[in-house]
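Proteins get letters first, then strands, A, B, ... in listed order; numbering begins at 1 in each. Computed from a predicted structure; not experimentally measured.
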Amino acid sequence: MPELPEVETIVRSLRKLTAGRRILKYHPLRNDYIHQGLEHRKKVTNSVIQEVERRGKYIAIHLSNNFSLLHHLGMSGRLLLQPGSDPLEKHTHLRILLDDGSVELRQRDPRRFGFAAILPSVELKTFVSWSHLGADPFRLRAPRFYALMAGRKQAVKSFLLDQRRIAGLGNIYTDEALFRAGIHPVRPTGQISSAEAGRLLQCIRTVLRESIVAGGSSTNDYQRLDGTLGLFQHKHRVYRRVGLPCPICHRKIEKLVLNGRSTHYCPGCQT
DNA sequence: ATGATTTCCTGTAGGC
DNA sequence: TGCCTACAGGAAATCA
């Protein structure tokens, strides 16, 4: 499930490997995977990739013709840069041919929770889910973070998963950050002190930064742009580690279900 | 307004 | 071996 570190890893590779290259063809294999702007698909031919931007878990590829390509990987989505001659893998919904077609960007997504879209760049800021995104965790300031949580009963983990509040966290990094901060996932946000909020924000940033360095977490479907696996799954302390000893207090990691999400925590360290 | 629940989708794992 | 069910979860829509 690509979250901020996985998407950031892909975006950094995209910047390095696709900037300045020309698009030969935008070729959807499943029209219903293109949630918006399918009618613009022929207009991107001959445009040049100028800039690749990440916001939360979204990827925006800005083109020279004032269009932007928007991508979300959902939970099983992959964006892969590969030779156009490679055999077409199952669940490939979109091909973006580059240069003379010898190289292409492919979006694969078995569960189809992700999507792609083509938008005039000026319309990106009115695209609902993009425009409603909350602050990037690296930019958010602690007092603002604390103010967002104050006075609410919502479980802190549910709050962290809400992309309109803070953008980019998913199930892995909420569990890992809450563990590092020593905060129980079900604690109401209103009961979190200013000091705890500051610590939590620091833990969020640290775990995200460490994961980016490791190229993200490959627990299920996630692969980097070149198809290799990320390495941060080996550093998880609680996520999917039910019954294994806590690295701090050695009590067994437990799991509960919160809003339909499996939630992993240490009953000793997190209060 | 807030927050919980349901829905979409398919590959994989486990039970019998 | 094969069939069945449960599970994984991002985010929009719906419900209480």
*Would you check if A:D109 and A:F115 make a side-chain contact, meaning some heavy-atom pair closer than 4.5 Å?*
no
*Pick base, sugar-phosphate or nothing for A:K255, based on heavy-atom distances below 4.0 Å to the nucleic acid.*
sugar-phosphate
*Of all the choices, B:dG3, C:dG10, C:dA11, which nucleotide is nearest to the side chain of A:Q163 once you look at every atom?*
C:dA11
*Select base, sugar-phosphate, or nothing to describe what A:R164 touches, counting heavy atoms under 4.0 Å on all strands.*
nothing
*Side chain of A:R152 only, please: which of B:dA4, B:dG3, C:dG10 is the nearest?*
B:dG3
*When you check the phosphate oxygens OP1 and OP2 of B:dC9, does a side-chain N or O of A:H91 lie under 4.0 Å from one of them?*
no
*Among the candidates B:dT10, B:dG3, C:dG10, find the nucleotide nearest to the side-chain atoms of A:F113.*
C:dG10
*For A:K153 and B:dA4, is the shortest distance between a side-chain N/O and OP1 or OP2 below 4.0 Å?*
no
*Of all the nucleotides listed (B:dC9, B:dA4, B:dG11), which has the minimum atom distance to the side chain of A:S158?*
B:dA4
*asked:* Looking only at the side chain of A:R112 (C-beta and beyond, no hydrogens), which of the listed nucleotides B:dT10, C:dG10, B:dA4 gets closest?
replied: B:dT10
_Heavy atoms from C-beta onward define the side chain here; which of C:dA11, C:dA8, B:dG11 lies closest to that of A:S262?_
C:dA8
*asked:* Let's see if you can work this out: which of C:dG9, C:dG10, B:dA4 has an atom nearest to the side-chain heavy atoms of A:M75?
replied: C:dG9
*Base, sugar-phosphate alone, or nothing: which one does A:F115 contact when heavy atoms must sit under 4.0 Å apart?*
nothing
*Below 4.5 Å, heavy atoms only, C-beta onward: do A:F113 and A:S76 meet side chain to side chain?*
no
*Take the protein atom CG of A:L148 and the nucleotide atom P of B:dA1, then report the distance between them rounded to whole Å.*
17 Å
*asked:* Using a 4.0 Å heavy-atom cut-off, does A:Y239 contact any base of the nucleic acid, only the sugar-phosphate backbone, or nothing at all?
replied: sugar-phosphate
*Report the residue (A:H72 or A:R240) whose heavy-atom-nearest nucleotide on DNA chain C is the more 5′ of the two.*
A:R240
*So, is A:K57 near the phosphate of C:dA11, with a side-chain N or O under 4.0 Å from OP1 or OP2?*
yes
*Check whether the side chain of A:R111 and the base of C:dA8 form a donor-acceptor pair under 3.5 Å.*
yes
